[in-house]
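A short write-up of the structure that comes next.
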Amino acid sequence: MILIVGANGFFGNQLQKTFLKKKVKYLPSDITLGKENYLDIRDIDSIRDIIRKYKIKAIINCSCEPATSKSKKKLWSTNVDGNNNLIKVSLEFDIKKYIFISTSAIWVKNYKKPVNESERYHPIENYGKSKVQAEKNIINSNLKNWTIFRVPMIVSKERLGVLSLLFDLIIENKKIPLLGSGENILQFIHADDLSNYIYLSLTTNEKNIYNVGSEENISLKGLIKKLIILTNSKSKIISIKDLGFSLVLNLLNKLNLSPLNIYHLNMLKYSLTMNSKKIYKNYKFRPKIKTSDMILEALKNYKKNLGVNTINTEITNPIRPGIFRIIKFFL
């Protein structure tokens, strides 16, 4: 039996869909689920109980306190301490496979070429720092078989969160302001592609770290232009110099007046793509879905369903716009 930790979150839900199609036996667990599916990874005894009861042989840790969290304590207790508890219990019960979902937020600066797995860490906020520490704890553990997947933004048709700010502008034919030229290069990964990699990893004996991203790398400006054209929007892109706007928006985020923190704001300015040749070679599988296609799918789904999704998480709901509600009035 495979234990999915964080199964009621955005990606945990997506992973279950793949496992159901492939007839994989798994147990969904989450702090938001009830009865036998309830699991708080900050409580090590509850992990022991569920592993003992269901004879768990593999663990997939999808749980995390998200990048939007302002609480370092919450980020650390889930992303680091909770992960440590899972490692300890995995060793106690001789778990055969441990899989961890990490993030590209471990690298936040302007990269001129795709980063590979050996690139030095460069997180700038607590979410990225918590994932770095979680990675290090796995690498330095005595686990015999583990895989870490480093992923950019995971997207499916249900993905919203900060994307809803852009989608609203496009749907309402508003001007779309970009900090700088918008020539920074982006890369995402579709939930289905990542789920397929995890499925393959379950039968792979290794101690490895992989970058996993779509094969299509596209500039922010190019992506938005494509969305405008393919949805017949009348929106236009306007480039503005930063001149301290990102610092102001980050301050407003700390005051709960803006949904964009320093990580999101730097994503709007910096290039970051990941070299995924290592996993392509080892797993003999390449992502099927392009970065632009997955964002277009999410935009069309948002427009069709007015932001209502069957999966109810922070990432699948429209983000509260805060000050952007006022800014949008002038666009």
Side-chain angles (χ1 to χ4, degrees), residues 1-13 15-16 19 25-103 105-106 121 123 125-151 154 194 198 201-202 205-210 313-315:
M1 181 71 77
I2 297 163
L3 179 67
I4 300 179
V5 182
N8 208 32
F10 165 64
F11 180 64
N13 271 285
L15 181 60
Q16 289 185 72
F19 278 11
K25 290 184 179 180
Y26 70 91
L27 177 71
S29 68
D30 199 284
I31 197 170
T32 64
L33 294 174
K35 298 182 180 179
E36 67 270 16
N37 299 105
Y38 174 83
L39 179 62
D40 182 351
I41 61 173
R42 298 168 298 182
D43 177 3
I44 196 167
D45 287 329
S46 68
I47 303 173
R48 290 187 178 112
D49 290 343
I50 204 168
I51 288 179
R52 186 183 295 112
K53 182 177 180 179
Y54 293 98
K55 297 180 173 58
I56 300 299
K57 298 300 181 185
I59 295 175
I60 303 169
N61 185 7
C62 304
S63 68
C64 76
E65 183 73 11
T68 51
S69 176
K70 297 182 180 67
S71 170
K72 181 179 180 180
K73 184 177 179 180
K74 286 183 178 180
L75 282 161
W76 223 255
S77 67
T78 298
N79 300 357
V80 180
D81 298 339
N83 184 62
N84 271 343
N85 286 339
L86 289 168
I87 293 170
K88 289 176 184 177
V89 177
S90 294
L91 291 169
E92 289 175 18
F93 286 84
D94 193 27
I95 294 299
K96 303 304 181 186
K97 182 75 183 190
Y98 190 84
I99 296 173
F100 179 72
I101 311 302
S102 190
T103 173
I106 63 173
Y121 294 120
E125 37 69 64
N126 289 323
Y127 172 72
K129 292 174 183 177
S130 71
K131 289 289 192 173
V132 167
Q133 188 59 54
E135 282 194 11
K136 288 180 177 179
N137 291 343
I138 294 168
I139 295 165
N140 295 325
S141 75
N142 290 320
L143 291 171
K144 295 177 181 177
N145 184 5
W146 54 262
T147 306
I148 295 171
F149 292 105
R150 291 172 173 167
V151 299
I154 305 170
L194 179 57
I198 290 173
S201 179
L202 288 168
N205 196 332
E206 63 185 353
K207 293 181 180 180
N208 235 327
I209 301 173
Y210 294 109
T313 71
E314 179 179 343
I315 291 175

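Positions are given from 1, in the same order as the sequence printed here. Since the model is a prediction, treat every value here as computed from it, not as a measurement.
- A salt bridge is defined here as a Lys NZ or Arg NE, NH1 or NH2 lying under 4.0 Å from an Asp or Glu carboxylate O, and E135 with R150 meets this definition.
- The shortest distance between side-chain heavy atoms of T78 and R42 falls below 4.5 Å.
- Looking only at side-chain heavy atoms (C-beta outward), F19 and I198 come within less than 4.5 Å of each other.
- No donor-acceptor pair closer than 3.5 Å links the side chain of S29 to the backbone N or O of Y38.
- The side-chain heavy atoms of K129 and N126, taken from C-beta on, include a pair separated by under 4.5 Å.
- Using modelled atom types, one side-chain atom of N145 and one backbone atom of K96 make a donor-acceptor pair closer than 3.5 Å.
- Closest non-hydrogen pair, P28 versus Q16, comes out as CB-OE1, 3.6 Å.
- Residues S130 and E65 have side chains not in contact (no heavy-atom distance under 4.5 Å, counting atoms from C-beta outward).
- Between T103 and Y127 the shortest side-chain heavy-atom distance falls below 4.5 Å.
- When atom types are taken as modelled, the side chain of N61 and the backbone of F100 share no donor-acceptor pair closer than 3.5 angstrom.
- Taking each heavy atom of C62 and I4 in turn, the nearest pair found is SG-CG2, 4.2 Å.
- Other residues, nucleotides and ligands contribute more than 12 heavy atoms inside 6.0 Å of the NZ atom of K207.
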### Message
I31 vs N8, test: side-chain contact (heavy atoms from CB on, under 4.5 Å). Steps then yes/no.
### Response
CA-CA 8 Å; I31 197 170; N8 208 32; over 6 Å; no
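- With hydrogens and angles disregarded, a donor-acceptor distance shorter than 3.5 Å links the side chain of K131 to the backbone of I101.
- The main-chain N or O of S201 is found under 3.5 Å from a side-chain atom of K97 such that the two form a donor-acceptor pair.
- Side-chain atoms of L91 and L143, non-hydrogen and from C-beta on, do get closer than 4.5 Å to each other.
- The 12-atom threshold is exceeded at CG of N140, counting heavy atoms of other residues, nucleotides or ligands nearer than 6.0 Å.
- I106 and G128 make their closest contact through CG2-O, 3.9 Å (heavy atoms, listed as atom of the first residue, atom of the second, distance).
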